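Here is the structure we will look at, set down as structure tokens.
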Amino acid sequence: MIVTRFAPSPTGYLHIGGLRTALFSWLWARRNNGKFLLRIEDTDMARNSEEATKAIIKAFEWVGMDYDGEVVYQSKRFDIYRQYIDQLLEEGKAYYCYMTKEELDELRETQMARKERPRYDGRYRDFKGTPPSGVEPVVRIKAPIWGDICFKDGVKGDICIASSEVDDFIIARSDGTPTYNFVVAIDDALMGVTDVIRGDDHLYNTPKQIVVYNALGFELPRFSHLAMINNEEGKKLSKRDGATDVMDYKTNGFLAEALLNFLVRLGWSHGDQEIFSIEEMKSLFDPQNINKSASSYNLDKLLWLNSHYIKNIPNDQLALLLKDFGVHIDGHDKLELLLDATKERGKTLVELSEQINLILNAPESYNEKDYKKAIKEDTKEILNNFAALLRSSQDSLHLPCDYHAILEKLVAAREIGFGKIGQPLRVALLGSMTGAGLDEIMSILGADETIKRIDKLLSTL
RNA sequence: GACCCUUUCAUCUAGUGGCCAAGGAUGUUGCGUUUUCAACGCAGACACAGAGGUUCAAAUCCUCUAAGGGUCGCCA
């Protein structure tokens, strides 16, 4: 069985890059009817917050990603880690190191000065003497001294790192708490994780974790390291780049489906296909098709996808989503017509709600430029004429085509161009010359409201 | 500085030695549809980082160079 996991450290909101990593892991598990686990990496007591964990879970809920079983908190598993530390100590695979932080800093400086890669020199590796007093020791694991540490990465292929590059890293701090690379390996093994899918930035941790796997006799999972997502300038995505918090996308009017579709195509592809429903992703996703190279975030494409999903989800669902944006049209008898007329005009739910409000609420003022452009000498007469026509045939006006018919009638009778009536009418109804089709707008408003808005404009002439 | 990874249109990507004088998508340009905007349709512009090899044949394999990124914590 395939078991994947997402293992964030709770230091803030869920980042867009984190979501993509989680998505890939989730999809791979779901595709194989496997398990997708959520583990919170909170071994650093000073930095983690409960809020952050909640934020991550909330973001998962929004996008509809479900995890299996209970959330695992590393902070609650310290006694498990302690056991393994003791075991390694007993077996001579780990040892106490009495080097102070100051000594360590000093060592690093001299190494840097010699243009070497800074690393622990192993001075306590085979220490048999009397430990210096007054130093709380850390526990270090014995990493191999010779050869290479190799593994096959699901994305990058064969990776080999010289053992000389991997030092005897600390697995327990002087206060006894375990460190990241140690607990990750243990938890992944204990939780039965078969596929570790994570960011590129962990590539260098992998050989360290392999040291732990080997020392404890655990079987290695498959590792797949995802290249980073950069910003539109190709630089590392940071908080300065605006919306990096997943939940910002919700407030900015993006659909979860669109976000996931966007993210799944960042670094992964399936031929030429661009649009993937969640179900399709679940059945098609394969880490084998993940790209090696980093990709850049591109808002235009996200926007395009979002408008695609806005246009294609059922109207009743759309109405539900719109509630969060101050548009309450649940019971509106012209709901279908209203959304059909507007949903091609909004790339986000924010824009769409603006479009809808434009129709639902009578204009309080008119766009100056459009007003000037639309209002001509004969406009007053034409609009009066049109209003009269509306009044006289009020009872038979229902569908957009009904309104269209009387517009045609007016145009034919007066022998004028469509613009003569269309432009001022548009200003009267919406306050400006852009927006949905006139026939639809009038049908949604009904004859009464249409006449009211025309009269209001007439009163300014 | 050391080690590691990456490199196809502006962007996401297809491509695993011949089907590629490089395909799709976003964006962009023009035209059409339209009372307006949008949407849609059609047409166009835009790329194999560079240099050397290997081969009958290279975007694809090898070497070097360059550029970008990552990592070097008692953070995760």
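Please read these numbers as outputs of a predicted model, since none were measured by experiment. In what follows, every chain begins at residue 1, and chains take the letters A, B, ... in the order their sequences are listed.
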Given C74(B), C5(B), A76(B), identify the nucleotide with an atom nearest to the side chain of L203(A).
C5(B)

Under the side-chain hydrogen bond (donor to acceptor under 3.5 Å, both in side chains) criterion, do Y371(A) and T460(A) qualify, and how do the steps go?
CA-CA 11 Å; Y371(A) 184 90; T460(A) 69; 2.8 Å; yes

Sorted by chain and number, sequence neighbours left out, side chain to side chain donor-acceptor pair (under 3.5 Å) with R39(A) holds for E41(A), D188(A)

If you only use heavy atoms from C-beta on, which nucleotide in A76(B), C74(B), A25(B) is closest to the side chain of W304(A)?
A25(B)

Report which part of the nucleic acid L438(A) touches: base, sugar-phosphate, or nothing (heavy-atom distance under 4.0 Å, all strands).
base

Crowded around Y96(A) OH? As in, over 12 foreign heavy atoms under 6.0 Å?
no

So what does N205(A) hit on the nucleic acid, given a heavy-atom distance under 4.0 Å: a base, only sugar-phosphate, or nothing?
base

Look at all strands and tell whether K292(A) reaches a base, only sugar-phosphate, or nothing, counting heavy atoms closer than 4.0 Å.
sugar-phosphate

For a quick test of reading the model: is some side-chain N or O of K343(A) closer than 4.0 Å to OP1 or OP2 of A39(B)?
no

Distance check needed: C3(B) P versus E116(A) CD, whole Å only.
11 Å

With rounding to the closest Å, how many angstrom separate the P atoms on A14(B) and G70(B)?
22 Å

Taking side-chain hydrogen bond (donor to acceptor under 3.5 Å, both in side chains) as the cut-off, I'd like each qualifying pair that reaches into residues 359-368 of chain A, sequence neighbours left out, listed once.
none

With respect to the phosphate group of A38(B), does any side-chain polar atom (N or O) of T434(A) fall under 4.0 Å of OP1 or OP2?
no

Answer yes if the ring centres of Y67(A) and F6(A) are under 6.0 angstrom apart, and no otherwise.
no

With rounding to whole Å, what would you report as the distance between A49(B) and A22(B) at their P atoms?
15 Å

Rounded distance (Å) that lies between atom C1' of G73(B) and atom CD of E106(A)
17 Å

What contact category does K301(A) fall into here, base, sugar-phosphate, or nothing, at under 4.0 angstrom with non-hydrogen atoms?
base

Check for me whether the distance between the ring centres of Y124(A) and Y95(A) falls short of 6.0 Å.
no

When we call it a touch if two heavy atoms are under 4.0 Å apart, what does E274(A) touch: a base, just sugar-phosphate, or nothing?
base

Ring-face cation contact, Y120(A) with R140(A), 6.0 Å cut, 45° max
yes

Is G437(A) touching bases, backbone alone, or none of the nucleic acid, heavy atoms closer than 4.0 Å?
base

Can you check the distance between U63(B) and G23(B), where both ends of the measurement are the C1' atom (answer in whole Å)?
30 Å

So, does N298(A) get its side chain near the phosphate of U13(B), meaning an N or O under 4.0 Å from OP1 or OP2?
no

Y249(A)/F262(A) under side chain to side chain contact (heavy atoms under 4.5 Å, CB included): CA gap, chis, key distance, verdict
CA-CA 12 Å; Y249(A) 288 86; F262(A) 173 70; over 6 Å; no

OP1 or OP2 of G1(B) sitting under 4.0 Å from any side-chain N/O of R108(A)?
no

Taking any heavy-atom pair under 4.0 Å as a contact, classify K347(A): base, sugar-phosphate, or nothing.
sugar-phosphate

Figure out the NZ/P separation between K156(A) and U71(B), and round it to whole Å.
12 Å

When the P atoms of G44(B) and G52(B) are compared, how many Å lie between them, rounded to an integer?
34 Å

Nearest-0.5 Å distance that lies between atom CD1 in I16(A) and atom CG in L263(A):
4.5 Å

Find the distance between CD (Q83(A)) and CZ (R77(A)) and round it off to the nearest 0.5 Å.
11.0 Å

C1' atoms of C48(B) and A58(B), separation to the nearest Å
11 Å

Verify the contact: side-chain N or O of S293(A) to OP1 or OP2 of C5(B), cut-off strictly under 4.0 Å; return yes or no.
no

Using Watson-Crick or G-U wobble geometry with both distances below 3.5 Å, tell me the partner of A58(B), or none.
none

Evaluate whether atom CD of Q87(A) has more than 12 neighbouring non-hydrogen atoms of other residues, nucleotides or ligands under 6.0 angstrom away.
yes

Should the pair H308(A) and W304(A) be assigned to parallel (<30°), tilted (30 to 60°) or perpendicular (>60°) ring geometry?
tilted

Is G17(B) paired to anything, Watson-Crick or G-U wobble with both distances less than 3.5 Å, and if yes, which nucleotide?
none

List every contact pair, protein side and nucleotides 58-69 of chain B side both N or O, where the distance is under 3.5 Å.
| unit_1 | atom_1 | unit_2 | atom_2 | d |
| --- | --- | --- | --- | --- |
| G69(B) | OP1 | K235(A) | NZ | 3.3 |

Which nucleotide in the set G1(B), C12(B), U26(B) lies at the smallest distance from any side-chain heavy atom of M112(A)?
G1(B)

For U71(B), what is the paired nucleotide under Watson-Crick or G-U wobble rules, both distances under 3.5 Å?
A2(B)

On a whole-Å scale, what distance lies between the C1' atoms belonging to U60(B) and C3(B)?
28 Å

Distance, rounded to the nearest Å, where R345(A) contributes CZ and U34(B) contributes P:
15 Å

What distance, rounded to whole Å, do you find between the two C1' atoms, one in A10(B) and one in C56(B)?
38 Å

Without decimals, in angstroms, what is the distance between E344(A) CD and A39(B) C1'?
4 Å

Identify the nucleotide, in any strand shown, that forms a Watson-Crick or G-U wobble pair with U63(B), with both distances under 3.5 Å; if there is none, say none.
A51(B)

Below 4.0 angstrom from OP1 or OP2 of C37(B), is there any side-chain N or O of S432(A)?
no

Where the side chain of N291(A) is concerned, which of U26(B), U13(B), C5(B) is the nearest nucleotide?
U13(B)

Can you tell me if K311(A) touches the phosphate of C40(B), counting only side-chain N or O atoms and a distance under 4.0 Å to OP1 or OP2?
yes

Can you tell me how far P of G70(B) sits from CD of E165(A), to the nearest Å?
19 Å

Pairing partner of U35(B) (Watson-Crick or G-U wobble, both distances under 3.5 Å)
none

The Watson-Crick or G-U wobble partner of C42(B), with both key distances under 3.5 Å, is G30(B)

Is U11(B) paired to anything, Watson-Crick or G-U wobble with both distances less than 3.5 Å, and if yes, which nucleotide?
A25(B)

So what does S174(A) touch, heavy atoms closer than 4.0 Å: a base, only the sugar-phosphate, or nothing?
base

When the P atoms of U33(B) and U16(B) are compared, how many Å lie between them, rounded to an integer?
43 Å

In whole angstrom, what separates D272(A)'s CG from G24(B)'s P?
8 Å

Just the rounded figure in Å: distance from P of U26(B) to OH of Y297(A).
18 Å

Closest-nucleotide mapping onto RNA chain B: is Y204(A) or P178(A) further toward the 5' terminus? I mean the 5' end.
Y204(A)

Of R265(A) and D439(A), whose closest RNA chain B nucleotide lies nearer the 5' terminus?
R265(A)

Counting only side-chain N and O atoms of S269(A), is one of them less than 4.0 Å from OP1 or OP2 of A14(B)?
yes

